[in-house]
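Before any comments, here is the structure.
Letters A, B, ... are given to chains in the order of the sequence lines, protein chains preceding strands, and every chain is numbered from 1. Because only heavy atoms are used, hydrogens play no part in the values below, and waters and symmetry mates are left out as well, while side chains stay in. All values derive from a computational prediction rather than experimental measurement.
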2 protein chains.
Amino acid sequence: MAAERQNRPTIRQVAAHAGVGFKTVARVVNGEPNVAPATAAKVQKALDELGYVPDESAGSLRRAGGRTRTIGLTISNVANPLAAQIHGGVEAVAMAHNVATFAASLNEDPEAELAHTAAFLRRRVDGLILTAVAASQKYLQRAVDRGTPIVFVDREPVDIHTDRVVVDNAGATKIAIAHLARHGHRRIAHLGDLESIQTARERRRGYLETVRELELHVDEDLLVLDLPDELHAYDATRRLMHSPNPPTAIHSAQNLITIGVVRALRDMGLSRQVALVSFDDIPLGDLLEPAVTVISHDLRRIGQVAAERLFARINGDVSPPRKIVVPTQLLVRGSGEIPAA
Amino acid sequence: MAAERQNRPTIRQVAAHAGVGFKTVARVVNGEPNVAPATAAKVQKALDELGYVPDESAGSLRRAGGRTRTIGLTISNVANPLAAQIHGGVEAVAMAHNVATFAASLNEDPEAELAHTAAFLRRRVDGLILTAVAASQKYLQRAVDRGTPIVFVDREPVDIHTDRVVVDNAGATKIAIAHLARHGHRRIAHLGDLESIQTARERRRGYLETVRELELHVDEDLLVLDLPDELHAYDATRRLMHSPNPPTAIHSAQNLITIGVVRALRDMGLSRQVALVSFDDIPLGDLLEPAVTVISHDLRRIGQVAAERLFARINGDVSPPRKIVVPTQLLVRGSGEIPAA
DNA sequence: CTGAAAGCGCTAACAA
DNA sequence: TTGTTAGCGCTTTCAG
């Protein structure tokens, strides 16, 4: 029942309309030299009258290198503010290169990762910027071997050696925990994201190492892992604070977890008693009371750097794969400086 | 200097490898009938060994209807949390239809609107979901005539008659102002977004009409328009509250403006004196003190509905263009219920 | 059930 | 300066 569609003029129809060979039209469209001004004008007129719109994909079919001037991007979720910042960074660079971006959300679903990368590859994208969600990215080796550059963002991929742009998750966590310890805390809880996420594991590692190094209280109950969302973080916080031996400080290791923790502490009236440092900034974190001390990182920059790396590869850079670490920053705002009871 | 790329097997190479005609391979790849099981197995083996990845764009070149299974989406800014929600809604529907989405940010730049829609059209997207930013969308008429469906989101387009999914901006503003009036306010300020934005003009209209209807104070100083960002909103609020005759309530007509207003009131210590209703929800708006009363709308739903409309058109729906109004909701949280002094 | 021929809209290579 | 021929990787059509 589809409408009569796609009745767009082809280059040959334009040529017929202008009374020239179609190659001449192609020359005008692509700004190639060797067209007499008079001819060019005639062609341009036909172009305008018919409203010619070149078909990029048809062009890239034969074009040397077969570039499609598209890239594919997968992020954890386009509607997650942090992930959206990565998207913004990538997009700015892609736009500057006159390249269109396919964007897709994964929502931590490995199947989605496979499906979307396959779809991008079928569309012959010139490169991929990916957030690793599946347990292994080995399946992408063939694509890399065939010359599709891939840059991973935010998380380290597994079983594949390519460029990646990440932050020092363990190191930054160390700084967060040490900051709390400096304010007298010995019982510090760590609320972590899904263990399937590489950055979550790194943050946990940073926590455990620092607890050992600084000889803080070691207590299984203080380590809460695998929190899938804000609600679970909320419940976990309540349980934690109602336990016989509650922590005096909390390290919440992801933005949504932090929001759950903040809500829970607020509801229990503990916002000003229990110290809190968040890994990831949260929106309006500086306007809450107390304002939330966070480990912040520039996600837009991660996206930008990744895209720049990708375009370098697309343009022939064959240097060894690089791991680029974008700096993090501890933003001291109040919640992290509450002293131990 | 480009690497040796694009050495992917073609359908003919797979056919040679399997010792069959290439049409037989195409049958297997596309799940067409009339292939002997033994032949199919042989072909499948070759497919796997060579790692065949079909070229979607080459396929759509000849395919009936010429569908590319891609759509184009432009939003005000991918990194804006509200716009990202629209993206999320569109994406979910597109994914269900097995269609890839090109996404681009406009940042209120009319040039960007023209450039991106042109780029999408050159890539022969099956449809467009657009946020109107330019003064007129007349330039898209030819694309529509040629059968590329377009659905506008969030803002009404100009000079073109197509499907659109919007909210009742003037009506919702009316509700906001009336809400403030019900709490005794007569001097209500309106801080508005850029006047080039259609929704900003509608919200202003709703404000002015309600002021007249309810016979509230009319004062040019209470109407602050064309605020481009949070910082300008911050400054405008300070100026407003320092004026000889300051308002007792503020209607901030966009999410970023609200954040500027909240910061300013906070810094002036007026958060609990001056009532505030925001058009657009803001992140953690319920955790601020006081929590912010807002006009909220489901942007994810806007994206979803728009995408569903688009796919209906792509699949042949030729009913008259529809204007779909998604409901808004007044979320009463505290800031809007502060009584007049 | 299988395959060969034609052609989608364009670019590349070469001829006039 | 211009036009012609080939062919990109696939789908369509039609012949075996």
Side-chain angles (χ1 to χ4, degrees), chain A residues 5-44 46-47 50-69 121-126 146-147, chain B residues 2 5-44 46-47 50-69 121-126 146:
Chain A
R5 21 186 48 264
Q6 311 300 37
N7 49 346
R8 300 182 180 85
T10 70
I11 209 168
R12 315 185 100 99
Q13 288 174 297
V14 175
H17 190 81
V20 300
F22 75 86
K23 176 70 223 195
T24 302
V25 176
R27 286 200 178 89
V28 173
V29 169
N30 300 318
E32 289 168 34
N34 297 333
V35 181
T39 316
K42 204 167 49 175
V43 170
Q44 190 57 56
L47 248 16
L50 269 49
Y52 175 72
V53 177
D55 184 328
E56 276 249 340
S57 16
S60 54
L61 205 53
R62 190 74 164 79
R63 198 187 342 259
R67 300 263 253 279
T68 55
R69 309 196 72 72
L121 258 9
R122 276 198 306 274
R123 293 195 168 87
R124 297 294 187 264
V125 295
D126 297 334
R146 284 176 178 161
Chain B
R5 16 182 58 263
Q6 312 300 39
N7 49 345
R8 298 182 181 84
T10 70
I11 209 168
R12 316 183 99 98
Q13 289 173 296
V14 174
H17 190 81
V20 299
F22 75 87
K23 176 66 225 196
T24 301
V25 176
R27 286 199 178 91
V28 174
V29 169
N30 299 320
E32 289 167 35
N34 294 335
V35 182
T39 316
K42 205 166 52 177
V43 169
Q44 191 57 56
L47 248 16
L50 269 51
Y52 175 72
V53 177
D55 184 327
E56 275 249 340
S57 18
S60 54
L61 204 53
R62 191 72 163 78
R63 198 184 346 256
R67 301 264 253 280
T68 55
R69 308 195 73 71
L121 257 11
R122 277 198 306 274
R123 293 197 166 85
R124 297 294 187 264
V125 294
D126 297 334
R146 285 176 176 160

Could you check how far [atom1] of [X] sits from [atom2] of [N], rounded to whole Å?
X        : N      : atom1 : atom2 : answer
A:Arg123 : D:dC10 : CZ    : P     : 14 Å
B:Arg62  : C:dA5  : CZ    : C1'   : 11 Å
B:Arg69  : D:dC10 : CZ    : C1'   : 16 Å
A:Leu50  : C:dG9  : CG    : C1'   : 15 Å
B:Glu32  : C:dG3  : CD    : C1'   : 13 Å
A:Leu61  : C:dC8  : CG    : C1'   : 9 Å
B:Arg67  : C:dC8  : CZ    : C1'   : 17 Å
A:Arg124 : D:dC10 : CZ    : C1'   : 11 Å

Subject >> Minimum-distance nucleotide to B:Val35 side chain [options: D:dT2, C:dA12, C:dT2] >> reply: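 Out of D:dT2, C:dA12, C:dT2, the nucleotide with an atom closest to B:Val35's side chain is C:dT2.
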**OP:** Could you please name the option among C:dG9, D:dC10, C:dC14 that lies closest to any side-chain atom of B:Ile11?
**Re:** D:dC10
Reckon [X] touches a base, only the sugar-phosphate, or nothing at all at heavy-atom distances under 4.0 Å?
X       : result
B:Pro54 : sugar-phosphate
A:Thr39 : sugar-phosphate
A:Asn34 : base

Strictly distance-based, threshold 3.5 Å: is any side-chain N or O of [X] a donor or acceptor partner for the main-chain N or O of [Y]?
X        : Y        : answer
B:Arg124 : B:Leu121 : yes
A:Thr39  : A:Val35  : no
B:Ser60  : B:Arg63  : no

**OP:** Spell out yes or no: do the side chain of A:Arg27 and the base of D:dT1 have one donor N/O and one acceptor N/O closer than 3.5 Å?
**Re:**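 No such pair is found, so the answer is no.
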Original post:
Which atom names give the shortest non-hydrogen contact between B:Pro9 and B:Leu50, and what distance separates them?
Top reply: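 The pair with the smallest heavy-atom distance is CG-O, 3.5 Å.
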**OP:** Work out which heavy atom in A:Gln13 is nearest to a heavy atom in A:Arg8; give both atom names and the distance.
**Re:**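 Here A:Gln13 and A:Arg8 meet closest at OE1-O, 3.6 Å.
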Subject >> Contact list for DNA chain C against residues 12-25 of chain B - heavy-atom distance below 4.0 Å >> reply: B:Val20, B:Gly21, B:Phe22, B:Lys23, B:Thr24
Subject >> Residue mapping more 5' on DNA chain C - nearest nucleotide basis, A:Tyr52 or B:Pro37 >> reply: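 Going by which nucleotide is closer to the 5' end, it is B:Pro37.
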**OP:** Please tell me which of B:Pro33 and B:Gly59 maps to the more 5' nucleotide of DNA chain C, matching each residue to the nucleotide holding its nearest heavy atom.
**Re:** B:Pro33
Subject >> Test log, rule side-chain contact (heavy atoms from CB on, under 4.5 Å), inputs B:Val28 and B:Gln44 >> reply: CA-CA 7 Å; B:Val28 174; B:Gln44 191 57 56; 3.9 Å; yes
Original post:
Is the closest side-chain heavy-atom distance between B:Arg146 and A:Val53 below 4.5 Å?
Top reply: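 With C-beta onward as the side chain, the pair touches.
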